[in-house]
S.K.: 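Would you mind keeping the following structure in view while I ask a few things?
If you read the sequence from its start, that first residue is 1, and numbering goes on from there.
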Amino acid sequence: MRDLNTVFSALADPTRRAVLAQLASGEASVMELAASHKMSQPSFSRHIHVLEEAGLILRRVEGTRRPCRLAPNGLAALEQWMALMRRALEANYGRLDGVLAAMGAEAKGNDNDQDDT
């Protein structure tokens, strides 16, 4: 499993997120991906390298072409972490619902006591 910090770091940059969005519609060469970004080829290649090192994309060599595609399990570590956070938040909100329900019942009980006087 890739280091989660590496994945978050790769996703922190808007250019890299845009590249992933482009690749969501299918494989593309580095040159095709770079065409929609206004930066030098070396700068863009560094973004590709970061995505590859984070395990988010796969790249292969076809002659002079370097096609990229999304890695099948590239977001697995992120999904696992998010599922853990989701479960923790659901448990916290469940406890909060219980506290609020008890407070509501207590407030209702106090209202009924005041009506009787």
Side-chain angles (χ1 to χ4, degrees):
M1 179 163 54
R2 297 285 179 169
D3 180 27
L4 189 57
N5 290 334
T6 305
V7 173
F8 272 118
S9 179
L11 294 173
D13 187 274
T15 299
R16 293 191 283 265
R17 289 192 308 270
V19 168
L20 292 176
Q22 285 176 274
L23 291 174
S25 62
E27 187 176 277
S29 72
V30 173
M31 294 303 289
E32 291 166 342
L33 293 167
S36 61
H37 300 277
K38 295 179 180 173
M39 64 179 64
S40 69
Q41 182 61 37
S43 293
F44 188 77
S45 289
R46 280 192 291 275
H47 285 294
I48 296 296
H49 180 72
V50 168
L51 290 170
E52 193 173 23
E53 287 296 309
L56 296 171
I57 66 169
L58 300 173
R59 199 166 44 155
R60 68 177 193 280
V61 178
E62 278 183 2
T64 59
R65 197 166 179 264
R66 304 285 189 267
C68 300
R69 62 184 169 96
L70 293 177
N73 295 320
L75 295 176
L78 180 61
E79 289 170 343
Q80 290 171 357
W81 181 82
M82 288 177 59
L84 176 69
M85 293 297 106
R86 188 174 294 114
R87 286 190 299 274
L89 286 172
E90 287 170 354
N92 288 344
Y93 284 125
R95 286 192 301 274
L96 179 59
D97 287 343
V99 169
L100 293 175
M103 288 173 64
E106 184 180 306
K108 243 185 190 177
N110 288 342
D111 287 346
N112 288 339
D113 291 344
Q114 289 176 359
D115 290 342
D116 292 340
T117 57

S.K.: Same cluster or not: are V50 and L20 linked, directly or through other Ile, Leu, Val, Met, Phe, Trp or Tyr residues, by side-chain heavy atoms under 4.5 angstrom apart?
M.R.: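 No.
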S.K.: Among L70, L11, T6, which residue meets the side chain to side chain contact (heavy atoms under 4.5 Å, CB included) test with L56?
M.R.: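 Of L70, L11, T6, side chain to side chain contact (heavy atoms under 4.5 Å, CB included) with L56 is met by L11 alone.
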S.K.: Please tabulate, for side-chain N and O atoms in residues 82-92, each donor-acceptor pair with protein atoms closer than 3.5 Å (sequence neighbours left out).
M.R.:
| from | atom 1 | to | atom 2 | distance (Å) |
| --- | --- | --- | --- | --- |
| N92 | OD1 | R95 | NH2 | 2.2 |

S.K.: Any chance you could measure L96, atom CG, to M103, atom CE, to the nearest 0.5 Å?
M.R.: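 It is 9.5 Å, given to the nearest 0.5 Å.
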S.K.: Could you work out, with ring pair (Phe, Tyr, Trp, His ring centres under 6.0 Å) as the rule, every residue matching H37, not counting sequence neighbours?
M.R.: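 Ring pair (Phe, Tyr, Trp, His ring centres under 6.0 Å) list for H37, sorted by chain: F44.
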S.K.: Nearest 0.5 angstrom please: I57 CD1 to H47 NE2, how far?
M.R.: 12.0 Å
S.K.: Identify, with sequence neighbours excluded, every residue that meets side-chain hydrogen bond (donor to acceptor under 3.5 Å, both in side chains) alongside S25.
M.R.: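 Not a single residue meets the side-chain hydrogen bond (donor to acceptor under 3.5 Å, both in side chains) criterion with S25.
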S.K.: Search all heavy atoms of G55 against all heavy atoms of A71 and return the closest pair with its distance.
M.R.: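 Taking G55 first and A71 second, the nearest heavy atoms are O-CB, 3.2 Å.
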S.K.: Is it true that L58 and L51 fall in one hydrophobic cluster, defined by side-chain heavy atoms closer than 4.5 Å?
M.R.: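 In one cluster with L58: L51, no.
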S.K.: Is L75 linked to V19 within one hydrophobic cluster, defined over Ile, Leu, Val, Met, Phe, Trp and Tyr using a side-chain heavy-atom separation of less than 4.5 Å?
M.R.: yes
S.K.: Assess the residue pair V61 and R66 against the criterion (side-chain contact (heavy atoms from CB on, under 4.5 Å)); give the C-alpha distance rounded to whole Å, side-chain angles, the decisive distance to 0.1 Å, and a yes or no.
M.R.: CA-CA 5 Å; V61 178; R66 304 285 189 267; 3.2 Å; yes
S.K.: Restricting to pairs with a member in residues 15-39, which pass salt bridge (Lys or Arg N to Asp or Glu O under 4.0 Å), not counting sequence neighbours?
M.R.: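 Qualifying pairs: E27-R60, E32-R65.
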S.K.: Write out all pairs satisfying ring pair (Phe, Tyr, Trp, His ring centres under 6.0 Å) with one or both partners inside residues 7-34, taking only residues at least two apart or from two chains.
M.R.: F8-W81
S.K.: How would you list, by chain and number, every residue that makes a side chain to side chain contact (heavy atoms under 4.5 Å, CB included) with S43, sequence neighbours excluded?
M.R.: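 If we apply the side chain to side chain contact (heavy atoms under 4.5 Å, CB included) test to S43, skipping adjacent residues, the hits are M39, S40, R46.
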S.K.: Where do I48 and L33 come nearest, in terms of heavy atoms and distance?
M.R.: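 The answer is CD1-CD1, 4.1 Å.
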S.K.: Under the 3.5 angstrom rule, does the side chain of S9 hit a backbone N or O of N5 as a donor-acceptor pair?
M.R.: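 Side chain of S9 to backbone of N5: no pair is present.
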